[in-house]
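Worksheet for the structure shown next.
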Amino acid sequence: MQLYNLKHPSQVVSFTEAVKLGLGKDRGLFFPTAIPVLDDMETLLALPFVERSKKVIGAWLASELGQDTVDSLVEKAFNFDVPLVQVDDNRYSLELFHGPTLAFKDFGARFMAQCLNVLAKDETINILTATSGDTGAAVADAFFGLDAINVVVLYPKGKISVLQEKMFTTLGKNIHTVAVDSDFDACQSLVKQSFEDSAIRDGLHLNSANSINISRLLAQICYYFEAVAQFKQQNETLPVIAVPSGNFGNLTAGLFAKAMGLPVKYFVAATNSNDTVPRYLLDGKWSPNTTVATMSNAMDVAEPSNWPRVEAIVDKMGWSLSDIKGVALSEEQTSNALTALHKAGYLSEPHGAIAANALTQVMHEDEKGIFLGTAHPAKFNEVVEAELKISLPLPQPLADVENKAILSVDLPANFDELKAHLFKLLK
Ligand SMILES: *Cc1c(COP(=O)(O)O)cnc(C)c1O
């Protein structure tokens, strides 16, 4: 697989290099020079998830890594279920939260960890990543205990739930966590600055595990095929798919799936009041506001880092941005959406509820849709319990960390202090 830098198209790298580098020159995102198209969709969709995923990922990577390596990466990374659950007459939830850290980020993080483990043999790797919650847990869990890999996770102090925080700050060993006294965008920008700093880059061989890493996106393509495969068993029409979006890695993966030939009617980009993209889709003006904190905090992103890839796919395929529908929900609408789902007999959480409601807002009567259930309701138990006036049992992975101590270091949103800390940790 070859990829080019969207900012400097003359920089062309292999998948192996792109996984190790994360970002290209001038923070440019890597984008594939060609998108493989899968034929015989019927046969492909009839396969079980893991077998089909080997073919989907093999279409990108078999020529570089060999199909046997792809098979083993997929088998190790994808070891949990992906059920499509019918919610009402015209909506389904694709439950992506049955992995070890209860959020869809397990797919990308586990696949990336397996890739790095194979591709970077004999080198020490230092991963620096920013999280608005779920990435931290998924990345920490996926890399925990891998000897040659150190992980540093930055997150906005006090802006994620305590249980969410405990899932990745209590591990220790090769997992280091930093609570930054600011918001997620500040964390993300500290990570970007670190990658641009030549002393850090050359001295620490940093890698990012954010959704800017191409390996994560390839993994996420697979569950869109699973969604359509299960949907097709019960429906004649093509599904509309609504994606709760923050950094837009998830939507990017969905668009790649469609570009590979997956039959999807259209996509809906659903956000909270951090609505840069829905506004842009309406008026063509890119004007991010300051990030605001919401109850769907994994989507509190005003400057989504994957957006240039969305535009690149649309451009390459000759599609129009107007084929993507944007919907933004206020806090009140989110709360109502969560309650309405619960009344319909489906327990969700704010991120999934936003996408579920977005479907209702855009779909015509003859359409049916799938929304992505990106996190387990118990992962956002404080909000869910307060909104729905119910009490939720803690699933095992959360019960396990509930009484553990948080091992994070507190830092201000200051690059020089972070830099000193990184050199102290990683040498
Ligand atoms: C990360 C996350 C999102 C947003 O996904 P992007 O790929 O960043 O758009 C949505 N919901 C949950 C629960 C998440 O953790």
Side-chain angles (χ1 to χ4, degrees), residues 3 6 15 18-19 21-24 27-32 35 56-57 60 77 94 96-97 99 101 103-113 115 127-139 142 153 155 184-185 187-188 191-192 195 207-225 227 241-260 264 267-272 274 276-277 296-314 324 326 351-352 354-355 371-375:
L3 303 104
L6 284 175
F15 173 76
V19 172
L21 287 170
L23 283 169
R27 303 174 180 182
L29 296 166
F30 289 119
F31 190 82
I35 300 177
V56 170
I57 293 191
W60 299 89
L94 184 71
L96 300 173
F97 48 76
T101 73
F104 82 94
K105 301 227 164 56
D106 282 326
F107 287 91
R110 289 176 65 80
F111 186 71
M112 179 177 173
C115 285
I127 287 177
L128 176 66
T129 191
T131 184
S132 53
D134 293 331
T135 302
V139 168
V153 183
Y155 64 99
F184 173 66
D185 283 316
C187 295
Q188 192 156 258
V191 168
K192 284 180 180 163
F195 278 89
N207 188 304
S208 165
N210 271 3
S211 56
I212 48 182
N213 195 290
I214 192 69
S215 61
R216 293 185 35 163
L217 298 183
L218 294 191
Q220 290 175 235
I221 293 172
C222 299
Y223 54 67
Y224 286 93
F225 281 82
I241 300 185
V243 185
S245 296
N247 259 322
F248 283 80
N250 216 352
L251 182 67
T252 304
L255 293 169
F256 274 134
K258 184 167 167 135
M260 292 176 82
V264 174
F267 286 93
V268 185
T271 72
N272 57 32
N274 296 287
T276 309
V277 166
S296 52
N297 60 39
M299 315 201 299
D300 291 351
V301 183
E303 301 193 46
S305 54
N306 271 298
W307 189 256
R309 284 182 170 139
V310 169
E311 298 226 357
I313 299 173
V314 167
I324 303 172
H351 307 79
I354 284 178
F371 61 92
L372 303 192
T374 46

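All heavy atoms count here, side chains included; hydrogens, waters and symmetry mates do not.
- Contact of the I221 side chain with the F107 side chain is not registered, since no non-hydrogen atoms from C-beta on lie closer than 4.5 Å.
- Within the 4.5 Å cutoff, the side chain of F104 has no heavy atoms near those of the L372 side chain.
- Taken from CG in L21 to CG in N207, the straight-line distance is 8.0 Å, to the nearest 0.5 Å.
- Shortest non-hydrogen contact noted between S296 and I354 is OG-CD1, 3.4 Å.
- Rounding to the nearest 0.5 Å gives a distance of 6.0 Å between OH of Y224 and CZ of F267.
- Looking only at distances, a side-chain donor or acceptor of R309 sits under 3.5 Å from a matching main-chain atom of I212.
- Interatomic distance, CD1 of I241 versus CZ of F371, reported as 12.5 Å (0.5 Å rounding).
- Listed here is the closest heavy atom pair of T131 and G136: OG1-N, 2.8 Å.
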- Would you please test R216 and N213 for side-chain hydrogen bond (donor to acceptor under 3.5 Å, both in side chains) and show each step? CA-CA 6 Å; R216 293 185 35 163; N213 195 290; over 6 Å; no

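- Rounded to the nearest 0.5 angstrom, W60 CH2 and L218 CG are separated by 6.5 Å.
- Side chain of H351 to backbone of A375: no donor-acceptor contact under 3.5 angstrom is found.
- One distance of note links NZ of K192 with CG of D185; it measures 8.0 Å at 0.5 Å rounding.
- Contact of the F248 side chain with the V277 side chain is registered, since non-hydrogen atoms from C-beta on lie closer than 4.5 Å.
- When all heavy atoms of D106 and G99 are compared, the closest pair comes out as OD2-C, 3.2 Å.
- Across A312 and L6, no two heavy atoms sit closer than the pair CB-CD2, 3.9 Å.
- A 4.5 Å side-chain heavy-atom check between L255 and L251 finds at least one atom pair inside the cut-off.
- For the 3.5 Å distance criterion, the side chains of N274 and D300 qualify, holding a donor opposite an acceptor.
- At a threshold of 4.5 Å between non-hydrogen side-chain atoms, the residues F31 and T252 do not count as touching.
- A donor-acceptor pair is defined here as one N or O able to donate and one able to accept, closer than 3.5 Å; such a pair exists between the side chain of T276 and the backbone of A302.
- For the residue pair A253 and L217, the shortest heavy atom distance occurs at CB-O, 3.7 Å.
- To the nearest 0.5 angstrom, C115 atom SG is 7.5 Å from I57 atom CD1.
- In this structure, the side chains of N247 and T135 stay at 4.5 Å or more apart for every pair of heavy atoms.
- Residues P32 and F15 have side chains not in contact (no heavy-atom distance under 4.5 Å, counting atoms from C-beta outward).
- Taking all atoms of both residues into account, the shortest heavy-atom contact from A142 to A113 is O-CB, 3.5 Å.
- Within the 4.5 Å cutoff, the side chain of N250 has heavy atoms near those of the Y223 side chain.
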